[in-house]
Amino acid sequence: MKKLISIITLTCLLSSIATAAEKPFNPKKVKNATKEQVTRVEPLSWWVGMKTDLQLLIQGQNISAAEVSIEGGNGVSVAAVHKAESPNYLFVDVAIADDATPGTYYIVFKNGKKTFKYPYEIAARAEDSAERKSFTTADMVYLIMPDRFANGDASNDSTENTTEDADRENPHGRHGGDIQGVIDHLDYISDLGATYIWTTPFLEDNDPRGSYHGYAASDYYHIDSRFGSNELYKTLVDKAREKGIGIIMDIVPNHCSYVHWWMEDLPFQDWIHQFPEYTGTNVAFSTNMDPNASKKDLYIQESGWFVPTMVDMNLDNPYVLQYFVQWGVWWIEYSGLNGFRVDTYPYNEKVPASEWCKAIMNEYPNFNIVGECWTSSIPQLAYWQGGNANKDGFDSHLPSIMDFPLHDALRAALAEDNGGWGAGMTKVYDILSHDFVYHDLSKMLIFPGNHDTARIGDCVRKDPRALKIAMTMMATMRGIPQIFAGDELMFVSSNPGNPGDHPGLRVDFPGGWDGDQIDLFTEVGRMAQTHNTDGLEVQKGQAADLFNHASRLFQWRKTADVIHNGKTLHFMTRDNTYAYFRYNDEAVVFVYINNTLEDKNVPWSYYSEITDGLQGGVDVLTGEPFEVSDATVVAPKTALVVEYKR
């Protein structure tokens with residue numbers, strides 16, 4: 001087999017591969033057929049009544065020489081068999097009749113006089129599975145990096161079939177957080193007001209170093225054993241649903257780990273993107289829509305590797321694309337998921353990526369998929385949202401996008417005390433003035449920070465007043481709000497000299513590990529003194545105050561239809577204040593932001609085009625009646641939120 005020059009020429013990888021070899025990947029054992037005959041079959045199972053075609057990836061020593069059939073039950077048969085370039089793979093198209101009998105079937109392999117079989121489950125679908133709901137503007141999404149959230153089961157901190165062991169003292173290493181830790185703290189998340197949880201990837205990432213983040217899968221069909229198991233992940237989905245919380249899976253079709261099992265023997269040489277020497281992406285997203293862009297630059301953008309340890313997948317290969325379509329559908333159907341977040345979306349080849357989105361949405365019409373399209377350019381961001389009127393006619397079929405321009409403006413504005421042209425809160429006003437560019441404002445994820453950007457607590461200079469403003473805006477602006485775990489309590493980086501440093505901003509959640517001196521999950525209202533642990537600073541009562549502020553807003557937001565579906569009307573000032581209204585035919589919500597260091601009078605009469613006739617106001621944060629007037633004074637670094645019924 002042709003060697004992967006792009007890998008073996010990198011000396012930085014050779015040492016990593018040697019380390020990984022100390023604990024080689026152990027293929028999952030199969031029944032009936034021996035490990036040598038059939039190493040794996042993916043997807044792991046399937047269902048009757050699916051719209052998505054089933055194409056099995058079958059791996060086994062010289063398996064391509066075998067004839068394949070299916071026996072058992074009724075209505076399931078082999079439609080076609082495709083050989084790969086490697087003799088150790090077959091791709092088998094399986095026909096499943098609408099009235100097929102659910103149960104265990106057998107894939108039968110005949111190679112000369114030798115015959116062996118592999119059991120394969122074709123199950124009945126759960127009732128109304130295709131009509132499952134997903135996250136909308138009525139929801140708040142809580143982002144968790146599991147390894148840094150809570151360690152619910154110390155017995156799986158290090159496991160035999162994975163390479164990197166837990167070392168909580170290593171900021172780049174695994175700390176032991178897991179699925180059970182998330183399950184154990186669902187009440188905390190529910191009390192905050194979250195209705196969805198987005199976790200960074202749980203799939204196996206067997207990189208010998210830095211595997212804690214999970215963004216380099218070494219097995220797309222199995223949960224990393226240091227997080228738990230497939231069955232436990234399904235339990236998380238079920239337990240969360242009991243609390244009124246849905247689960248969003250973070251997925252990465254763009255790249256896999258260099259120690260993924262198929263790297264030892266690729267089905268096709270173009271299964272991944274290969275170069276004579278290592279070639280990284282140029283990250284030139286503009287090449288996807290720039291009429292002046294060269295084909296060469298576009299090719300490097302979508303085919304170059306993300307980093308040397310993350311192998312770039314080739315979605316232009318139809319077998320790869322079908323693999324990822326089925327993979328997405330399988331996880332939704334198997335575990336009961338209610339959403340996807342797609343990592344590094346524009347790095348994929350855009351046409352097959354759009355076909356992938358279309359296929360998922362065809363199977364689940366009410367599903368939501370949000371793509372990480374990390375750009376500060378509003379027109380370029382809008383290009384990636386499905387249904388956008390792009391001049392080149394391209395449609396991504398991607399329902400939702402992450403609003404990085406608003407993220408940037410909000411953080412920059414809250415870091416400033418003074419106003420002026422282009423300063424302070426005018427940055428936010430300007431971003432929202434571009435809303436005419438977007439196809440669907442209801443399908444935009446808004447956020448003050450995530451696991452890749454500096455903590456909002458650092459951005460607001462550890463000022464709890466400014467943090468409250470950030471949470472207020474997240475709860476009242478258009479779009480779908482997302483909060484990174486700990487931002488509600490003003491977590492800050494453990495590396496203040498470089499707050500954007502990933503290990504520093506991805507601090508452990510105090511209380512998630514046995515022996516922690518602080519347990520913020522249960523003690524946010526009982527802080528007795530100032531602490532500084534793992535980069536988190538909490539003053540007496542501050543954590544509880546911040547939590548209560550965010551909880552009050554997000555609990556109220558659950559039933560505030562005017563926030564979910566209302567329009568926005570905002571007013572320009574250059575004094576570092578910002579006023580906006582969310583309104584529909586039934587209600588009006590007034591939000592006034594005083595981001596200065598002095599008291600400000602609300603110019604209520606200036607807003608007369610929307611305020612005339614409004615009566616019966618209620619302060620959302622106190623629940624008390626409140627009428628705004630020109631005499632209303634808002635304290636420095638404070639937000640006022642008043643709800644009126646029409």
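Predicted, not measured: the structure shown is a model, and the values here were computed from it. The first residue in the sequence is number 1, and the count goes up from there.
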* Do D205 and R174 sit within salt-bridge range, that is, some charged N less than 4.0 Å from a carboxylate O? -> no
* Is there any salt bridge (charged side-chain N to carboxylate O under 4.0 Å, His left out) pair reaching into residues 331-340, and which pairs are they, with sequence neighbours excluded? -> R125-E333, R132-E333
* Partner set under side-chain hydrogen bond (donor to acceptor under 3.5 Å, both in side chains) for D545, not counting sequence neighbours -> K468
* Asked: Is the charged tip of R148 near the ring of F509: under 6.0 Å from the six-membered ring centre and within 45° of its axis?
  -> no
* **Residues which pass ring pair (Phe, Tyr, Trp, His ring centres under 6.0 Å) with H255, listed by chain and number, not counting sequence neighbours** => F306
* Non-neighbouring partners of S257 that pass side-chain hydrogen bond (donor to acceptor under 3.5 Å, both in side chains), sequence neighbours left out -> D207
* To do: Output all residues satisfying ring pair (Phe, Tyr, Trp, His ring centres under 6.0 Å) with F554, sequence neighbours left out; order by chain, then residue number.
  => none
* Structure fact -> For W374, the ring pair (Phe, Tyr, Trp, His ring centres under 6.0 Å) test, sequence neighbours excluded, returns F404
* To do: Sequence neighbours left out, what passes ring pair (Phe, Tyr, Trp, His ring centres under 6.0 Å) with Y592? Give chain and number order.
  => none
* Of all residues at least two apart in sequence or in a different chain, which pass the side-chain hydrogen bond (donor to acceptor under 3.5 Å, both in side chains) check with D458? -> none
* Asked: Taking only residues two or more places apart in sequence, or in another chain, which ones meet P43 in a side chain to side chain contact (heavy atoms under 4.5 Å, CB included)?
  -> W46, L54, L56, Y120, Y221, Q326, W330
Would you tabulate the side-chain donor-acceptor contacts of residues 496-504 under 3.5 Å, counting partners in other chains and residues two or more places apart, or write 'none'?
from: D501; atom 1: OD2; to: G504; atom 2: N; distance (Å): 3.1
from: H502; atom 1: ND1; to: R506; atom 2: NH2; distance (Å): 3.3

* **E416 and its salt bridge (Lys or Arg N to Asp or Glu O under 4.0 Å) partner, picked from K427, K637, R461** => K427
* To do: For E488, enumerate each residue passing the side-chain hydrogen bond (donor to acceptor under 3.5 Å, both in side chains) test, keeping only those at least two apart in sequence or located in another chain.
  => Y142, Y188
* To do: Can you run down the salt bridge (charged side-chain N to carboxylate O under 4.0 Å, His left out) pairs that involve residues 134-144, sequence neighbours left out, and say none if there aren't any?
  => none
